[in-house]
2 protein chains.
Amino acid sequence: MAQKKIRNMEELAAVSRISRPTLSKYFNDPDSVRRSTRERIELALTQFDYRPNVYAMNQNRRKTRNIGIVVPNLADPFFSEIGREVELACIGAGYTPILLSSHGNPAQERDNLESLRSLKPAGVLLAPFGRVSDRADIESFNKHIPVVLFDANVETACEAFVGTDNFQSIDLMVEYLCRSGEPPCLFEMKSPSNPNANKRRQAYLESMQRHGYTPHIFQAEGEGWNFEEIGSAEGGRLISENAFNTNTVLCSNDRLAIGMLSAAYRLGKRVGHGPACTLRIAGHDDHPFSRFTCPSLTTIAQDYAAIANRAASTLFRIIDTDERPEKREETLFNGSLVMRESA
Amino acid sequence: MAQKKIRNMEELAAVSRISRPTLSKYFNDPDSVRRSTRERIELALTQFDYRPNVYAMNQNRRKTRNIGIVVPNLADPFFSEIGREVELACIGAGYTPILLSSHGNPAQERDNLESLRSLKPAGVLLAPFGRVSDRADIESFNKHIPVVLFDANVETACEAFVGTDNFQSIDLMVEYLCRSGEPPCLFEMKSPSNPNANKRRQAYLESMQRHGYTPHIFQAEGEGWNFEEIGSAEGGRLISENAFNTNTVLCSNDRLAIGMLSAAYRLGKRVGHGPACTLRIAGHDDHPFSRFTCPSLTTIAQDYAAIANRAASTLFRIIDTDERPEKREETLFNGSLVMRESA
DNA sequence: CCATGAAGTTTACGCGCGTAAAAAATAGAT
DNA sequence: ATCTATTTTTTACGCGCGTAAACTTCATGG
């Protein structure tokens, strides 16, 4: 290997005996050049270490190959996993993903969109907080850049939404709980920071009604993303006060359930579906840790991969056709029941 | 507000009646221009929405203001938290952090360094896997770009290392366990993917010896990052086989401990420091979930913030002085004991 | 063999900003 | 008001690559 330092495309053109515009074409899409020349280029690339300057590349390009990915909180393993899936989908399609976390802070979401603006991404995959206040920022951002929402919906905003069908998944869980024991009450946050929570409450109400049972809802005070803490404190209070009028509690999400499980343990309350148990607790999301709770948590698994891939491919289609779809798309995937020990 | 579209610095110079080179100076360091002109510029900035083009900026700059941050696995809440701290330190110092996860895959770490290369970062904060095979890549990368290691050390590589003093922290835990009950055995992975695990084993051996006890080590088979799974499977096997020759188990990290706790629960073994308990389990790292395990986990808290801030400030100092320090620095922070229910 | 369309080459310009050097303007002190 | 040091303006060039247009070469089929 000569390994002579190649400083720019011009020098690579010289040593490879291929014109610079053709090299430029190659780097923008290796398949856009004839097979034989591609091989010549790639041969040269093996002997002369060269990589195009990203800054120079993106300066004059109409669109970059960057895809922004924004999730509300990477510290939450749910978003960590789905974010990873989305990243992989982008890489697989030849894009450069840029994953940003809003750290549980809606203001950070705005900052993240602002940062992304200067990176001129070809498109953005956004899992929004879903608060009303975000809408203006998101829509303003969406004016110039195509955005596909996932996980949480903001009605009518952006090109498309991909998520889980909470009505299906909650109904599935309610059905299971009713068949296998007492009908559940619902445990959730009083002011949920996520629109899915509202969907789930509504789904719970409808499902209970359909099954001919009276719904009961218990709401925990508390703000922020410390769901386990809130579930533990408020759930513990409710358990010790014997507040539940059923022995079965459906938690709005796994993290609340994890907190409540720890409270039940602390209070010596035996949780599970066995004969010796006096309380059943179920969750929603199949959090990575829900397999290792005590007892392991019965929950609903969302199809991470399907959501991520659909969201990504929808965005790529919009980018490729270079036009907004005339109709906003909403895609909902089914959740699946994961039966473990807790209910 | 006129809000006329400003396309570039030249146009901003026109409307603000300030020359373009001065504007350029301002954007590279607002304090490098006279106070009065800075105010004029910032006034203009409020009425004319303009933001410099990052790609054009970085093309000709000697160094960018980017800082690469690479952690082994963002899905692990430990790295998620410490990564966040490092990010904040960078933003606070006026740099642009770029956080990358290696997803538990050493090959990905190499790819991440490769990606960072094209972003020409001013420096990199790296939490390496610490495998021998990585060394060459890291050192080659470090030839051109200053790197500060954190969390896991690679002996003699890069400018500096910042982490936790495992000898201090393990000794602290062993001391506590010995004072409060039977001396601990150690539970760890057979082939740990992290050099801290080796340090901790060594620390355990020395500490037990110093206290006049015979050390016992139990190693779990298994590869990868599914620590909870491994802790649950292997830990469960050891518990049910009554393999431990003491009622106290010190786990090499919290995630193993979480897995073992779930196994103990499954097997009906009562864990804790109370009189009714037959097994004590302790961990290391103060994982965000260790407060919500059943029972809550006694562990060692690492000083995330101190590690992150020291690593960042060390890197900034190297970047500012623009020269490699003549001596490689190693900084170790003390861990602190967190007494909960499990031991 | 030539016709024909596809692919590569030549030439040229521009993107938005960094940066350097020399000239001009400004602020603060005497 | 005058001097001096600092700051700003003027002028100019270059970074590495995208991209367009006109031209030339190439591959393939009849």
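Each chain gets a letter, A, B and so on, in the order the sequences are listed, and its residues count up from 1.
Within the structure, a side-chain polar atom (N or O) of Ser19(A) is placed less than 4.0 Å from OP1 or OP2 of dT9(C). Contact between the side-chain N/O atoms of Tyr26(B) and the OP1/OP2 oxygens of dC17(C) is not found at any separation under 4.0 Å. Not one side-chain nitrogen or oxygen of Thr22(B) sits closer than 4.0 Å to the OP1 or OP2 atom of dT8(D).
One finds a salt bridge joining Glu330(A) and Arg328(A) here, because a Lys/Arg side-chain nitrogen approaches an Asp/Glu carboxylate oxygen to under 4.0 Å. Ion pair Glu39(B)/Arg35(B) flagged as a salt bridge, since at least one NZ, NE, NH1 or NH2 atom sits closer than 4.0 Å to an Asp/Glu carboxylate oxygen. Here Arg310(B) does not pair with Glu329(B) in a salt bridge; the nearest charged N to carboxylate O distance is not below 4.0 Å.
Between the OH atom of Tyr55(A) and the C1' atom of dG18(D) there is a distance of 18 Å, rounded to whole Å. At whole-Å resolution of the value, CD in Glu39(B) and P in dT26(C) are 17 Å apart. In this structure, Met9(A) atom CE and dC15(D) atom P are separated by 15 Å, rounded to whole Å. Summarising the geometry, the separation between CD1 on Ile18(A) and C1' on dT10(C) is reported as 15 Å, rounded to the nearest angstrom. Atoms CZ (Arg7(B)) and C1' (dG14(C)) sit 14 Å apart, rounded to a whole Å. For the pair Asn58(A) CG and dG18(D) P, the interatomic distance rounds to 9 Å; values are reported in whole Å. Put simply, CD on Gln59(B) is 10 Å from P on dC15(D), counting in whole angstrom units. Taking atom CZ on Arg51(B) and atom P on dG16(C), their separation rounds to 16 Å, with Å as the unit.
Remark: of the listed residues Leu113(B), Leu116(B), Leu126(B), Leu116(B) is the sole one forming a side-chain contact (heavy atoms from CB on, under 4.5 Å) with Leu100(B). When each of Arg38(A), Arg40(A), Glu42(A) is paired with Tyr26(A), the side chain to side chain donor-acceptor pair (under 3.5 Å) condition holds for Glu42(A) and for no other.
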Could you list, one pair per line, each protein nitrogen or oxygen that sits under 3.5 Å from a nitrogen or oxygen of nucleotides 19-23 of chain D, together with the distance?
residue, atom, partner, partner atom, Å
dA20(D), OP1, Arg62(A), NH2, 2.5

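When the nearest nucleotides of DNA chain C are assigned to Phe27(B) and Val33(A) by heavy-atom distance, the more 5′-ward of the two goes with Val33(A). Each of Ser36(B) and Ala56(B) was assigned the nucleotide of DNA chain C with the nearest heavy atom; the assignment lying further toward the 5' end belongs to Ala56(B).
Looking at heavy-atom distances under 4.0 Å, Arg17(B) makes contact with sugar-phosphate atoms alone, never a base.
In this structure, of dT7(D), dC17(D), dC15(C), it is dT7(D) that holds the atom nearest to the side chain of Arg34(B).
Using a 4.5 Å heavy-atom cutoff, the side chains of Val154(B) and Glu139(B) are not in contact.
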For residues 70-82 of chain A, please give each side-chain donor-acceptor pair under 3.5 Å, one per line with the distance, not counting sequence neighbours.
residue, atom, partner, partner atom, Å
Asn73(A), OD1, Ala75(A), N, 3.2
Asp76(A), OD1, Phe78(A), N, 2.9
Asp76(A), OD2, Arg255(A), NH1, 2.9

